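First comes the structure, then the notes that go with it.
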Amino acid sequence: MTQEPVIVIGAGVIGISIALELQRKGNSVRVLDRKGVAAEASAGNAGAFAFAEIEPLAKPGIMRRAPKWLLDPLGPLSIPPAYALKIAPWMLRFWQASSLDRYEQSVGNQAALMEHSRAALDRQIAYVDGEAMMQRDGQMQLYESDAEFRDSLPSWELRRRNGVAFDLLESPEAIAEIQPGLSPRFTHAGYTPGWMNTTDPKRWVQHLAQVFEGLGGTIERQDVRALEVTGERLRVVSRDGSTECSQVIVAAGAWSHQLATTVGDNIPLETERGYNTTLPEGAFDLRTHLTFPAHGFVASRINGGVRIGGAVELGGLKLPPNYKRADVLLQMASQFLPGLNTDGGTQWMGFRPSLPDSLPVIGRSSKSAGLVYAFGHGHLGLTQSAGTAELISAIVEGQTPAIPLDPFSANRF
């Protein structure tokens, strides 16, 4: 047990989950965040615990399709021209990660993390009495032709081999039994009944934070600018001063690599900017999480309303938002869900921290045994938050983690 507080940098779902788990193990914990609890990607994501999503974005053949997507500024994968040169080294690593052997390794490692995270989430829900904030309604991936459906079958076989339960639906009638009101253009689907969502991702993280604070944990607004290694100690340098400690966890999402750089760890983290529109209660009778893979977006139920969001814009942290992307997604959703009421929506853009091989960094820095990283989960931060928290806790406690962590090392690049 650590008497001196462990400092966790980041109050999103990863950071708060880690703080809660460390506290549960008897540690004193301080959480530092420049904006507060769930102020960034944890606030506006789709709310999905996507344990079935074990396939990385970097997969064989992806670079043959990428040019077509990248030329469409409003397509499912885009790079703003102003950012293209800066992201070129990351794209090279992404291409390397799409080789068959690297892809197969990533799938296996992602599947192991997913299996652990699913069990860890059940433990977390029980610990914080959070079942009332869960929706266990499954998820449906929709296809518009027999050819599109057939192209998806290798991915479904991949899920089957890794223990994901699903049903394949091959008629609009079968689809309508689960989700009525869809356009008849959708002729095939894959349904994963074990999929689950939270009723509201922001409120879920706030609930975790309230439990943490109620048990004596502290959360402080601090803009951390740098880390310094001083022998066996660490110094956390913020706008308002500095703090020395022996254990620091960096879980600051898309900003994490900036802190890692200050101690000499150069980690190729990039930012997937995701857009969505949240429609109020009554917008549509959504009965399951819907995924439109050919168009790169989803529809999820949030507080009785509907959130339409997704796509990948590799544009970094500084370019202004392009909310035309959210408009395009909402226009497509109104075609796919003919009864959707698109009035009264609230737009949002968030930063997903992504690494070239779609795997997060979970493990110690090579610069200090007391510095531990937990970031780069991409679209899967909420999904893998409880599992990551248990793995980080094991590292801090000097225990053997539930899964091997070499594939998630910061040094793998």
Side-chain angles (χ1 to χ4, degrees), residues 1-45 124 127-128 130 201-230 232-263 269 317 350-351 353 361-362 364-365 368 370-377 381-382 385-386 388-389 392-393 395-397:
M1 184 177 78
T2 303
Q3 297 298 327
E4 182 181 49
V6 178
I7 291 181
V8 176
I9 303 173
V13 68
I14 300 291
I16 293 297
S17 293
I18 290 169
L20 188 64
E21 181 63 18
L22 288 172
Q23 182 189 63
R24 191 180 72 82
K25 293 290 185 67
N27 295 280
S28 174
V29 186
R30 290 175 63 198
V31 178
L32 310 180
D33 192 282
R34 64 194 181 93
K35 287 188 175 181
V37 175
E40 295 288 354
S42 294
N45 61 68
Q124 185 183 62
Y127 181 63
V128 302
K202 183 174 184 177
R203 290 183 182 177
W204 172 242
V205 183
Q206 290 173 335
H207 176 68
L208 298 179
Q210 288 166 3
V211 173
F212 170 70
E213 290 184 300
L215 294 171
T218 60
I219 302 174
E220 304 169 26
R221 290 278 295 274
Q222 286 199 35
D223 186 0
V224 178
R225 297 300 185 87
L227 302 170
E228 297 175 0
V229 178
T230 57
E232 295 184 357
R233 303 280 288 172
L234 293 160
R235 181 178 292 118
V236 178
V237 182
S238 70
R239 182 191 294 270
D240 300 319
S242 64
T243 303
E244 285 199 8
C245 59
S246 59
Q247 293 274 359
V248 174
I249 317 298
V250 177
W255 291 264
S256 298
H257 64 308
Q258 296 176 352
L259 293 176
T261 299
T262 64
V263 298
L269 186 75
L317 294 167
F351 302 106
V361 168
I362 303 173
R364 295 190 187 277
S365 164
S368 170
L371 179 57
V372 183
Y373 296 138
F375 58 82
H377 296 75
L382 177 65
S385 55
T388 298
I392 294 296
S393 177
I395 293 171
V396 172
E397 295 286 313

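Side chains are part of it too, since the values below use all heavy atoms of this structure and drop only hydrogens, waters and symmetry mates. Worth saying up front: this structure is predicted, and the values here are computed from it rather than measured. In this chain, numbering begins with 1 at the start of the sequence shown.
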- Query: Is there a side-chain hydrogen bond (donor to acceptor under 3.5 Å, both in side chains) between Glu228 and Thr262 once you walk through the steps?
  - Reply: CA-CA 7 Å; Glu228 297 175 0; Thr262 64; over 6 Å; no
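- In this structure, the separation between OG on Ser256 and CD1 on Ile9 is 8.5 Å, given to the nearest 0.5 Å.
- Residues Leu269 and Gly376 approach most closely at CD1-CA, 3.7 Å, considering heavy atoms.
- With Ser393 as reference, Leu22 is the one residue of Leu22, Val6, Leu20 to meet the side chain to side chain contact (heavy atoms under 4.5 Å, CB included) rule.
- Exactly one of Thr243, Val31, Leu227, Val224 qualifies for a side chain to side chain contact (heavy atoms under 4.5 Å, CB included) with Ile7. That residue is Thr243.
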- Message: Could you walk me through whether Arg225 and Asp223 satisfy the side-chain contact (heavy atoms from CB on, under 4.5 Å) test, starting with their C-alpha distance in whole Å, then the side-chain angles of each, then the deciding distance to 0.1 Å, before giving a yes or no?
- Response: CA-CA 6 Å; Arg225 297 300 185 87; Asp223 186 0; 3.0 Å; yes
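- Of all the heavy atoms in Lys35 and Ala39, the pair that sits closest is CB-CB, 3.5 Å.
- Within the model, atoms OH of Tyr373 and CD1 of Ile362 stand 14.5 Å from one another, a figure rounded to the nearest 0.5 Å.
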- Task: Give the C-alpha distance, both sets of side-chain angles, the deciding distance and a yes or no for side-chain contact (heavy atoms from CB on, under 4.5 Å) between Leu317 and Gln258.
- Result: CA-CA 11 Å; Leu317 294 167; Gln258 296 176 352; 3.7 Å; yes
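- Heavy atoms from other residues, nucleotides or ligands lying under 6.0 Å from CZ of Arg203 number 12 at most.
- Aromatic ring centres of Phe351 and Trp255 lie closer together than 6.0 Å.
- Taking both residues in full, the closest heavy atoms of Ala209 and Ile219 are given as CB-CD1, 3.8 Å, listed atom of the first, atom of the second, then distance.
- To the nearest 0.5 Å, atoms OG1 (Thr388) and CD1 (Ile249) are separated by 12.0 Å.
- Taking each heavy atom of Gly36 and Arg221 in turn, the nearest pair found is N-CD, 3.4 Å.
- The distance from the CG atom of Asn45 to the CH2 atom of Trp204 is 13.0 Å, given to the nearest 0.5 Å.
- Residue Thr218 holds its OG1 atom at 6.0 Å from CZ of Arg30, rounded to the nearest 0.5 Å.
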- Quick one: do Ser17 and Gln124 satisfy side-chain contact (heavy atoms from CB on, under 4.5 Å)? Show the steps, please. CA-CA 9 Å; Ser17 293; Gln124 185 183 62; 3.1 Å; yes
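- Looking at Arg233 and Glu4, a side-chain N of the basic residue comes within less than 4.0 Å of a carboxylate O on the acidic one, giving a salt bridge.
- When atom types are taken as modelled, the side chain of His377 and the backbone of Val361 share no donor-acceptor pair closer than 3.5 angstrom.
- No side-chain heavy atom of Leu371 sits less than 4.5 Å from a side-chain heavy atom of Arg364.
- Salt-bridge formation is not detected for the pair Lys25/Glu397: no Lys NZ or Arg NE/NH1/NH2 atom is positioned less than 4.0 Å from an Asp or Glu carboxylate oxygen.
- Heavy atoms only, all atoms of each residue included: Gln222 and Ser238 are closest at OE1-OG, 3.1 Å.
- Between Val236 and Val248, the closest side-chain pair of non-hydrogen atoms falls below 4.5 Å.
- Here the shortest heavy-atom pairing between Ser368 and Leu234 reads OG-CD2, 3.6 Å.
- Salt bridge annotation for Arg34-Glu220: absent, with no cationic side-chain nitrogen under 4.0 angstrom from a carboxylate oxygen.
- How far CG of Leu208 is from OG of Ser42: 10.0 Å, rounded to the nearest 0.5 Å.
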